Amino acid sequence: MIRMRRLRVNEEMRSLVRETSLEKSDFVYPIFVIEGENIKNPVDSMPGIYQYSIDRLGEELDRVRDAGILAVLIFGIPAHKDETGSEAYCDKGITQRAVRYIKERVPNLLVIADVCLCEYTSHGHCGLIRDGEILNDETLVLLGKMSVSLAKAGADIIAPSDMMDGRVEYIRKALDQEGFYHTPIMSYSAKFASGYYSPFRDAAHSAPAFGDRKTYQMDSANGKEAVRECKNDIEEGADIIMVKPALAYLDIVKEVSQQTACPIAVYNVSGEYSMVKAAAQNGWIDEKRIVMENMIAMKRAGAKIIITYHALDVAGWL
Ligand code: PBG
Ligand code: ZN
């Protein structure tokens, strides 16, 4: 008889044949930075997650460092929003100041800067708008400016999440022109229009004021298109590609990992986090077990990098 159970007999045997493992270096922890002073605001829809003002960011950075996490993803929430999202590409913007602060305080912590306009625009869309249309090429210019401004502030990786066409190529050129040819681009390549982002939109004050993001983010029904998006971004010069959300899209992660050779990141997004937290708070599931099972699933599907709000907990459990 073929006895599969021979290799499951005890933990030593199981470890010996285990195919996938998690390392602290796999994880990226997202941080929300808000304008103001002495602020540590809990995000109601994301238990354990806070918005910090820059003067309070230190305590969160200490937790990140103590956990052994090597990279953070920064989202800035400006006090002032306008039609063109001008604080996004202002050298004194909230995100630029946060990046500068982090690089001064913890120089070896990798800072990944999310590049998108939705937190900065009064209408909450990821691009410029004319007559109700989200403009592609006009938006690229602003994304290029934002990327350069964040690289100047010290960002180690630029991560465009807007889903405009051609942005990776545009941003790559803009960075190179300013001498940032060593700054990698981590592109949100296959980013789906998803209901899983709603807690994030509370946290980042970035919900669209009208309509939805379906004319730029992907249709969740499409797998082949996701492969195309990823391949396009690699051709345009992306150094790391991303699939987002994670858990409902692991088929995409697997497919992309088989069809490309670029490191793959997954974004285990806010809604995925909050669902686990809510069930755990009700005592319906064992949080640690469920979280670790989710993490190994993302890794097994082919992701190298996992962006997750669970990162500090996971690092503590490893
Ligand atoms: C902004 C952005 C979003 C997320 C990351 N960057 C939200 C959106 O597209 O509406 C979602 C992250 C999360 O849900 O945790 N472009
Ligand atoms: Zn956006």
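In this chain, numbering begins with 1 at the start of the sequence shown. Every heavy atom of this structure was used, including side-chain atoms; hydrogens, water molecules and symmetry mates were not. Just so you know, ligand 1 is whichever comes first in the structure, and atom 1 is the first atom listed for that ligand. Please read these numbers as outputs of a predicted model, since none were measured by experiment.
Distances from ligand 1 to the non-hydrogen atoms of Y273 include no value under 4.0 Å. Using a 4.0 angstrom heavy-atom cutoff, Q217 counts as in contact with ligand 1. Residue contacts with ligand 1 leave out S206, since none of its heavy atoms falls under 4.0 Å from the ligand.
Listed by number with element, the atoms of ligand 1 under 4.0 angstrom from any heavy atom of D114 are 6 (N). Less than 4.0 angstrom separates some heavy atom of Y267 from each of these atoms of ligand 1: 12 (C), 15 (O). Shown in contact with C116 at under 4.0 Å from a heavy atom are these atoms of ligand 1, numbered in order with element: 16 (N). Residue F75 approaches ligand 1 through these ligand atoms, each under 4.0 Å from one of its heavy atoms: 5 (C), 6 (N).
Atom 1 (C) of ligand 1 has C118 SG, 3.3 Å as its closest protein atom, hydrogens excluded (heavy atom only). Nearest non-hydrogen protein atom to atom 14 (O) of ligand 1 is S270 OG, 2.7 Å. K191 NZ, 3.3 Å is the protein heavy atom nearest to atom 2 (C) of ligand 1. Atom 15 (O) of ligand 1 has as its closest protein heavy atom Y309 OH, 2.6 Å. Looking only at protein heavy atoms, the nearest one to atom 5 (C) of ligand 1 is K244 NZ, 2.7 Å. F200 CD1, 3.4 Å is the protein heavy atom nearest to atom 12 (C) of ligand 1.
In this structure, Y309 has its ring center no closer than 6.0 Å to that of F200. Annotation: H125 is in aromatic contact with F210 [ring centroid separation under 6.0 Å].
Remark: ligand 1 and S161 share an N or O pair separated by less than 3.5 Å (distance only, no angle test). The distance criterion of under 3.5 Å between nitrogen or oxygen atoms is met by R213 with respect to ligand 1.
At least one test fails for K191 against the ring of Y249: distance under 6.0 Å to the centre or angle within 45° of the axis.
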Inset, instruction - Could you give me the CA-CA distance, side-chain angles and deciding distance for R130 and E138, then say whether side-chain contact (heavy atoms from CB on, under 4.5 Å) is met? - result: CA-CA 10 Å; R130 193 192 305 130; E138 291 84 342; 3.4 Å; yes

Inset, instruction - List the steps and the verdict of side-chain contact (heavy atoms from CB on, under 4.5 Å) for V33 and Q51. - result: CA-CA 6 Å; V33 188; Q51 299 164 329; over 6 Å; no

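S189 and E229 share no donor-acceptor pair across their side chains, judged by distance under 3.5 Å alone. There is a side-chain donor-acceptor pair under 3.5 Å between Y89 and T84. Judged purely by distance below 3.5 Å, without hydrogens or angles, the side chains of S161 and Y267 never pair a donor atom with an acceptor atom. In summary, the side chains of Y170 and R167 do not present any donor paired with an acceptor at a separation below 3.5 Å, with no hydrogens or angles considered.
Residue C116 counts as close to the Zn ion (ligand 2), with an N, O or S atom under 2.8 Å.
With salt bridges taken as basic N to acidic carboxylate O contacts below 4.0 Å, one links E60 and R63.
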